[in-house]
Amino acid sequence: MMNEFRTFHPVVNFIYYAFVIVFSMLLMHPAALIISFSCGFAYSLISGGSVKTNLIYMLPVMIITAVLNPLFNHEGATILTYFSNDNPLTLESIVYGFAAALMFLSVICHFSNFNRVITSDKLMYLFGRMIPSLSLVISMTLRFVPRFTEQLRVIRQSQQMMRKTDERNILGKLRSGIRILSIAITWALENSVDTADSMRSRGYGERFRTSFSLYRFDRRDGIVLSVIILLGLWLIYAYMRRYIYFVYFPTFMFNNGIFAIVSFAAYFLLCAMPVIIEIKEAVRWSAIK
(Lines give C-alpha, C1' and ligand atoms only; values in the text may rest on other atoms or scores of the structure.)
Protein backbone atom coordinates (compact mmCIF):
# COMPACT_ATOMS: atom_id res chain seq x y z
CA MET A 1 0.00 0.00 0.00
CA MET A 2 1.31 3.43 -0.99
CA ASN A 3 0.15 6.80 0.23
CA GLU A 4 2.83 9.35 -0.59
CA PHE A 5 0.22 12.03 -1.28
CA ARG A 6 -0.80 11.80 2.37
CA THR A 7 2.65 13.09 3.41
CA PHE A 8 2.07 16.46 1.75
CA HIS A 9 1.12 19.54 3.73
CA PRO A 10 -2.55 19.61 4.88
CA VAL A 11 -3.17 22.80 2.88
CA VAL A 12 -2.11 21.02 -0.33
CA ASN A 13 -4.35 18.03 0.41
CA PHE A 14 -7.36 20.15 1.35
CA ILE A 15 -7.18 22.51 -1.65
CA TYR A 16 -6.76 19.54 -3.99
CA TYR A 17 -9.87 17.78 -2.72
CA ALA A 18 -11.82 21.03 -2.61
CA PHE A 19 -11.19 21.50 -6.34
CA VAL A 20 -11.71 17.86 -7.30
CA ILE A 21 -14.94 17.30 -5.36
CA VAL A 22 -16.52 20.56 -6.56
CA PHE A 23 -15.57 19.88 -10.20
CA SER A 24 -16.84 16.30 -9.91
CA MET A 25 -20.27 17.70 -9.06
CA LEU A 26 -20.25 20.56 -11.58
CA LEU A 27 -18.77 18.95 -14.71
CA MET A 28 -21.44 16.62 -16.11
CA HIS A 29 -19.66 16.02 -19.39
CA PRO A 30 -19.29 12.22 -19.88
CA ALA A 31 -15.55 12.55 -20.55
CA ALA A 32 -15.08 14.59 -17.35
CA LEU A 33 -17.12 12.07 -15.35
CA ILE A 34 -15.05 9.16 -16.67
CA ILE A 35 -11.82 11.00 -15.84
CA SER A 36 -12.98 11.85 -12.31
CA PHE A 37 -14.26 8.36 -11.51
CA SER A 38 -11.28 6.54 -13.05
CA CYS A 39 -8.70 8.62 -11.18
CA GLY A 40 -10.61 8.47 -7.89
CA PHE A 41 -11.10 4.72 -8.15
CA ALA A 42 -7.46 4.15 -9.13
CA TYR A 43 -6.16 6.15 -6.18
CA SER A 44 -8.59 4.36 -3.87
CA LEU A 45 -7.03 1.03 -4.85
CA ILE A 46 -3.47 2.38 -4.60
CA SER A 47 -4.04 3.87 -1.14
CA GLY A 48 -5.46 0.69 0.38
CA GLY A 49 -9.00 0.28 -0.90
CA SER A 50 -10.41 -3.11 -1.88
CA VAL A 51 -11.78 -3.87 -5.33
CA LYS A 52 -14.42 -6.14 -3.84
CA THR A 53 -15.54 -3.58 -1.26
CA ASN A 54 -15.71 -0.79 -3.82
CA LEU A 55 -17.70 -2.84 -6.30
CA ILE A 56 -20.14 -4.04 -3.63
CA TYR A 57 -21.55 -0.56 -3.11
CA MET A 58 -20.69 1.01 -6.48
CA LEU A 59 -22.40 -1.41 -8.85
CA PRO A 60 -25.81 -1.38 -7.08
CA VAL A 61 -25.78 2.41 -6.86
CA MET A 62 -24.95 2.76 -10.55
CA ILE A 63 -27.57 0.23 -11.65
CA ILE A 64 -30.34 1.63 -9.45
CA THR A 65 -29.67 5.26 -10.45
CA ALA A 66 -29.36 4.41 -14.15
CA VAL A 67 -32.60 2.38 -14.12
CA LEU A 68 -34.73 4.73 -12.02
CA ASN A 69 -33.97 7.89 -13.98
CA PRO A 70 -35.63 6.80 -17.27
CA LEU A 71 -38.68 5.67 -15.31
CA PHE A 72 -39.33 9.16 -13.95
CA ASN A 73 -37.54 11.40 -16.45
CA HIS A 74 -39.17 11.37 -19.89
CA GLU A 75 -37.40 14.35 -21.45
CA GLY A 76 -35.43 13.98 -24.64
CA ALA A 77 -36.04 14.02 -28.37
CA THR A 78 -34.85 10.48 -29.21
CA ILE A 79 -37.79 8.25 -28.27
CA LEU A 80 -36.89 4.54 -28.15
CA THR A 81 -40.23 3.10 -27.04
CA TYR A 82 -43.24 3.78 -24.81
CA PHE A 83 -44.14 2.43 -21.39
CA SER A 84 -47.54 0.94 -20.64
CA ASN A 85 -48.70 4.32 -19.28
CA ASP A 86 -47.79 5.99 -22.61
CA ASN A 87 -44.73 7.77 -21.17
CA PRO A 88 -41.76 7.70 -23.57
CA LEU A 89 -38.42 6.03 -22.93
CA THR A 90 -35.78 8.33 -24.39
CA LEU A 91 -32.11 7.83 -25.13
CA GLU A 92 -31.24 11.11 -23.43
CA SER A 93 -32.83 10.04 -20.12
CA ILE A 94 -30.91 6.74 -20.15
CA VAL A 95 -27.58 8.45 -20.83
CA TYR A 96 -28.31 11.09 -18.18
CA GLY A 97 -29.11 8.34 -15.67
CA PHE A 98 -25.71 6.72 -16.22
CA ALA A 99 -24.03 10.15 -16.04
CA ALA A 100 -25.75 10.98 -12.74
CA ALA A 101 -24.75 7.59 -11.33
CA LEU A 102 -21.14 8.09 -12.40
CA MET A 103 -21.09 11.57 -10.87
CA PHE A 104 -22.44 10.20 -7.59
CA LEU A 105 -19.86 7.41 -7.50
CA SER A 106 -17.04 9.83 -8.35
CA VAL A 107 -17.94 12.03 -5.39
CA ILE A 108 -18.11 8.97 -3.11
CA CYS A 109 -14.66 7.85 -4.31
CA HIS A 110 -13.09 11.25 -3.71
CA PHE A 111 -14.68 11.59 -0.26
CA SER A 112 -13.41 8.11 0.62
CA ASN A 113 -9.91 9.15 -0.45
CA PHE A 114 -10.37 12.43 1.43
CA ASN A 115 -10.94 10.50 4.66
CA ARG A 116 -7.76 8.47 4.09
CA VAL A 117 -5.55 11.46 3.26
CA ILE A 118 -6.91 14.22 5.52
CA THR A 119 -6.90 12.80 9.02
CA SER A 120 -8.43 14.35 12.12
CA ASP A 121 -5.13 15.95 13.17
CA LYS A 122 -4.88 17.64 9.76
CA LEU A 123 -8.38 19.06 10.17
CA MET A 124 -7.43 20.35 13.59
CA TYR A 125 -4.31 21.93 12.11
CA LEU A 126 -6.28 23.60 9.30
CA PHE A 127 -9.26 24.92 11.24
CA GLY A 128 -8.28 24.69 14.90
CA ARG A 129 -7.49 28.39 15.21
CA MET A 130 -10.22 29.80 12.97
CA ILE A 131 -13.15 27.68 14.17
CA PRO A 132 -11.88 25.62 17.12
CA SER A 133 -15.28 24.28 18.25
CA LEU A 134 -16.43 23.24 14.77
CA SER A 135 -13.09 21.71 13.85
CA LEU A 136 -13.12 19.70 17.09
CA VAL A 137 -16.66 18.45 16.39
CA ILE A 138 -15.76 17.45 12.81
CA SER A 139 -12.58 15.73 13.94
CA MET A 140 -14.38 13.82 16.70
CA THR A 141 -17.19 12.83 14.35
CA LEU A 142 -14.81 11.40 11.74
CA ARG A 143 -12.97 9.52 14.46
CA PHE A 144 -16.08 8.38 16.33
CA VAL A 145 -17.61 6.12 13.68
CA PRO A 146 -14.70 3.63 13.33
CA ARG A 147 -14.06 3.71 17.09
CA PHE A 148 -17.72 3.02 17.89
CA THR A 149 -17.80 0.14 15.39
CA GLU A 150 -14.66 -1.37 16.91
CA GLN A 151 -16.04 -0.94 20.43
CA LEU A 152 -19.26 -2.72 19.43
CA ARG A 153 -17.17 -5.67 18.20
CA VAL A 154 -15.18 -5.78 21.46
CA ILE A 155 -18.32 -5.61 23.60
CA ARG A 156 -20.00 -8.37 21.62
CA GLN A 157 -16.96 -10.63 22.00
CA SER A 158 -16.85 -9.89 25.74
CA GLN A 159 -20.54 -10.72 26.12
CA GLN A 160 -20.04 -13.97 24.25
CA MET A 161 -17.10 -14.94 26.47
CA MET A 162 -19.22 -14.19 29.57
CA ARG A 163 -22.04 -16.27 28.03
CA LYS A 164 -24.47 -13.36 28.29
CA THR A 165 -25.62 -13.56 24.70
CA ASP A 166 -28.58 -15.67 23.65
CA GLU A 167 -28.87 -15.91 19.88
CA ARG A 168 -30.91 -19.10 19.63
CA ASN A 169 -34.05 -17.22 18.56
CA ILE A 170 -35.14 -13.79 17.39
CA LEU A 171 -36.14 -12.61 20.87
CA GLY A 172 -32.77 -13.65 22.29
CA LYS A 173 -30.90 -11.88 19.49
CA LEU A 174 -32.98 -8.75 20.12
CA ARG A 175 -32.23 -8.78 23.86
CA SER A 176 -28.51 -9.34 23.22
CA GLY A 177 -28.40 -6.56 20.62
CA ILE A 178 -30.13 -4.09 22.95
CA ARG A 179 -27.73 -4.96 25.80
CA ILE A 180 -24.66 -4.56 23.58
CA LEU A 181 -25.94 -1.28 22.12
CA SER A 182 -26.73 0.07 25.59
CA ILE A 183 -23.21 -0.70 26.78
CA ALA A 184 -21.70 0.91 23.68
CA ILE A 185 -23.80 4.09 24.06
CA THR A 186 -22.79 4.34 27.73
CA TRP A 187 -19.14 4.01 26.71
CA ALA A 188 -19.59 6.71 24.04
CA LEU A 189 -21.18 9.17 26.48
CA GLU A 190 -18.50 8.61 29.11
CA ASN A 191 -15.77 8.96 26.51
CA SER A 192 -17.25 12.24 25.23
CA VAL A 193 -17.32 13.68 28.77
CA ASP A 194 -13.71 12.62 29.35
CA THR A 195 -12.67 14.16 26.03
CA ALA A 196 -14.43 17.43 26.82
CA ASP A 197 -12.78 17.65 30.26
CA SER A 198 -9.39 16.82 28.75
CA MET A 199 -9.67 19.49 26.05
CA ARG A 200 -10.87 22.09 28.55
CA SER A 201 -7.99 21.34 30.93
CA ARG A 202 -5.54 21.82 28.04
CA GLY A 203 -6.95 25.24 27.26
CA TYR A 204 -8.43 24.29 23.89
CA GLY A 205 -10.17 27.26 22.28
CA GLU A 206 -8.46 29.87 24.43
CA ARG A 207 -7.46 33.00 22.57
CA PHE A 208 -3.75 32.99 23.33
CA ARG A 209 -3.28 29.22 23.37
CA THR A 210 -0.27 28.00 21.38
CA SER A 211 -0.12 24.71 19.51
CA PHE A 212 2.58 22.42 18.23
CA SER A 213 2.57 20.94 14.74
CA LEU A 214 4.90 18.70 12.77
CA TYR A 215 3.69 20.05 9.43
CA ARG A 216 6.13 22.21 7.49
CA PHE A 217 5.40 23.77 4.12
CA ASP A 218 8.45 23.00 1.96
CA ARG A 219 9.47 23.43 -1.67
CA ARG A 220 7.77 20.22 -2.77
CA ASP A 221 4.47 21.40 -1.29
CA GLY A 222 4.83 24.77 -2.99
CA ILE A 223 5.37 23.22 -6.44
CA VAL A 224 2.42 20.84 -6.16
CA LEU A 225 0.13 23.51 -4.71
CA SER A 226 1.04 25.92 -7.53
CA VAL A 227 0.18 23.27 -10.14
CA ILE A 228 -3.14 22.49 -8.42
CA ILE A 229 -4.12 26.16 -8.26
CA LEU A 230 -3.16 26.82 -11.90
CA LEU A 231 -5.12 23.80 -13.13
CA GLY A 232 -8.06 24.72 -10.91
CA LEU A 233 -8.14 28.32 -12.15
CA TRP A 234 -8.02 27.18 -15.77
CA LEU A 235 -10.93 24.79 -15.17
CA ILE A 236 -12.95 27.55 -13.53
CA TYR A 237 -12.29 29.73 -16.57
CA ALA A 238 -13.17 26.86 -18.93
CA TYR A 239 -16.40 26.20 -17.02
CA MET A 240 -17.42 29.85 -17.20
CA ARG A 241 -16.56 30.01 -20.92
CA ARG A 242 -18.51 26.75 -21.51
CA TYR A 243 -15.56 24.90 -23.03
CA ILE A 244 -16.49 21.67 -21.27
CA TYR A 245 -20.27 21.84 -21.09
CA PHE A 246 -22.61 19.02 -22.10
CA VAL A 247 -26.37 19.42 -22.57
CA TYR A 248 -28.47 16.25 -22.31
CA PHE A 249 -31.94 17.62 -23.03
CA PRO A 250 -33.68 17.86 -25.42
CA THR A 251 -30.74 16.61 -27.53
CA PHE A 252 -27.03 16.15 -26.89
CA MET A 253 -24.97 19.32 -27.36
CA PHE A 254 -21.33 19.84 -26.43
CA ASN A 255 -18.15 21.70 -27.33
CA ASN A 256 -15.41 19.69 -29.07
CA GLY A 257 -12.96 22.48 -29.91
CA ILE A 258 -9.28 22.75 -29.05
CA PHE A 259 -10.05 24.53 -25.77
CA ALA A 260 -12.25 21.62 -24.71
CA ILE A 261 -9.39 19.17 -25.35
CA VAL A 262 -6.99 21.37 -23.36
CA SER A 263 -9.53 21.57 -20.53
CA PHE A 264 -9.95 17.79 -20.41
CA ALA A 265 -6.18 17.36 -20.32
CA ALA A 266 -5.97 19.84 -17.43
CA TYR A 267 -8.77 18.04 -15.61
CA PHE A 268 -7.04 14.70 -16.07
CA LEU A 269 -3.77 16.09 -14.66
CA LEU A 270 -5.66 17.51 -11.68
CA CYS A 271 -7.61 14.34 -10.88
CA ALA A 272 -4.66 12.02 -11.54
CA MET A 273 -2.16 14.03 -9.50
CA PRO A 274 -2.17 11.67 -6.46
CA VAL A 275 -1.78 8.66 -8.78
CA ILE A 276 1.08 10.37 -10.64
CA ILE A 277 2.78 11.17 -7.33
CA GLU A 278 2.42 7.56 -6.15
CA ILE A 279 3.82 6.19 -9.44
CA LYS A 280 6.71 8.65 -9.31
CA GLU A 281 7.52 7.61 -5.75
CA ALA A 282 7.31 3.90 -6.64
CA VAL A 283 9.72 4.41 -9.56
CA ARG A 284 12.04 6.37 -7.29
CA TRP A 285 12.10 3.61 -4.67
CA SER A 286 12.70 0.97 -7.32
CA ALA A 287 15.66 2.97 -8.61
CA ILE A 288 17.07 3.29 -5.09
CA LYS A 289 16.73 -0.46 -4.51
Side-chain angles (χ1 to χ4, degrees), residues 1-27 32 35-49 106-107 109-132 134-136 138-139 142 209-241 243-244 259 261-289:
M1 182 184 70
M2 298 180 294
N3 208 335
E4 178 66 17
F5 188 62
R6 186 177 178 177
T7 63
F8 280 76
H9 196 273
V11 173
V12 178
N13 298 143
F14 184 80
I15 291 178
Y16 169 80
Y17 279 108
F19 274 128
V20 169
I21 292 173
V22 170
F23 285 135
S24 296
M25 293 185 288
L26 289 179
L27 303 180
I35 289 172
S36 178
F37 175 74
S38 301
C39 295
F41 187 76
Y43 184 65
S44 175
L45 299 182
I46 290 175
S47 60
S106 300
V107 174
C109 269
H110 291 304
F111 267 114
S112 176
N113 297 334
F114 176 91
N115 288 332
R116 288 194 189 96
V117 173
I118 301 183
T119 55
S120 58
D121 58 324
K122 288 187 176 182
L123 285 175
M124 296 289 289
Y125 172 81
L126 290 170
F127 303 108
R129 294 185 179 180
M130 294 184 291
I131 41 176
L134 181 60
S135 62
L136 179 60
I138 294 174
S139 175
L142 293 176
R209 175 179 176 269
T210 60
S211 58
F212 172 76
S213 174
L214 294 174
Y215 302 114
R216 296 291 182 268
F217 194 90
D218 56 19
R219 181 173 174 271
R220 182 191 64 163
D221 297 313
I223 294 173
V224 174
L225 182 60
S226 300
V227 174
I228 291 173
I229 292 175
L230 288 175
L231 293 174
L233 291 177
W234 169 259
L235 290 170
I236 292 173
Y237 175 76
Y239 179 78
M240 295 175 64
R241 297 285 296 180
Y243 292 150
I244 46 179
F259 288 108
I261 298 174
V262 173
S263 300
F264 288 131
Y267 190 51
F268 175 78
L269 289 176
L270 179 65
C271 292
M273 186 167 295
V275 179
I276 295 172
I277 290 172
E278 300 297 343
I279 293 174
K280 176 178 175 294
E281 187 65 16
V283 172
R284 177 171 172 267
W285 274 106
S286 297
I288 291 175
K289 289 180 181 179

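For the atom pair Ile276 CD1 and Lys280 NZ, the distance stands at 11.5 Å (nearest 0.5 Å). Note that CD of Glu278 is 12.5 Å distant from CE of Met273, once rounded to the nearest 0.5 Å. With rounding to the nearest 0.5 Å, the separation of CH2 in Trp285 from CD in Glu4 is 9.0 Å. Once rounded to the nearest 0.5 Å, the distance linking CZ of Arg116 with OH of Tyr43 reads 8.5 Å. Note that CG of Leu233 is 11.5 Å distant from CD1 of Ile228, once rounded to the nearest 0.5 Å. One finds the CG atom of Asp221 at 12.0 Å from the CZ atom of Arg216 (value rounded to the nearest 0.5 Å).
Proximity of Val262 to Trp234: side-chain heavy atoms (C-beta onward) are separated by under 4.5 Å at one or more points. Under the 4.5 Å side-chain criterion, counting only non-hydrogen atoms from C-beta, Phe114 is not in contact with Asn13. Using a 4.5 Å heavy-atom cutoff, the side chains of Ser36 and Tyr267 are in contact. The closest side-chain heavy-atom distance from Val227 to Val224 is not below 4.5 Å. Contact check for Lys122 versus Tyr215: side-chain heavy atoms found under the 4.5 Å cut-off.
Between Phe41 and Phe37, the ring planes lie parallel to each other; the angle is under 30°, not in the 30° to 60° tilted range. Aromatic ring orientation, Tyr243 versus Phe259: parallel (interplanar angle below 30°, classes split at 30° and 60°).
Across all their heavy atoms, Leu231 and Leu270 have their closest contact at CD1-N, 3.8 Å. Nearest heavy atom pair, residue Cys39 against residue Val275, reads O-CG2, 4.0 Å. The heavy-atom pair separating Ser24 from His110 by the smallest distance is OG-CD2, 3.3 Å. Here the shortest heavy-atom pairing between Ile244 and Ser263 reads CG2-CB, 3.4 Å. In terms of heavy atoms, Val117 sits closest to Arg6 at O-CG, 3.6 Å. Heavy atoms only, all atoms of each residue included: Leu235 and Ala266 are closest at CD2-CB, 4.4 Å.
At least one donor-acceptor pair closer than 3.5 Å links the side chain of Ser286 to the backbone N or O of Ala282. Listed for the Asn115 side chain is no donor-acceptor partner under 3.5 Å among the backbone atoms of Ser112.
The 12-atom threshold is not exceeded at CZ of Phe111, counting heavy atoms of other residues, nucleotides or ligands nearer than 6.0 Å. The 12-atom threshold is exceeded at OH of Tyr17, counting heavy atoms of other residues, nucleotides or ligands nearer than 6.0 Å.
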(message) Walk me through whether Phe217 and Val12 qualify under side chain to side chain contact (heavy atoms under 4.5 Å, CB included).
(response) CA-CA 9 Å; Phe217 194 90; Val12 178; 4.1 Å; yes
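Taking the centre and axis of the six-membered ring of Phe8, the NZ or CZ atom of Arg220 falls inside the cone set by 45° and 6.0 Å.
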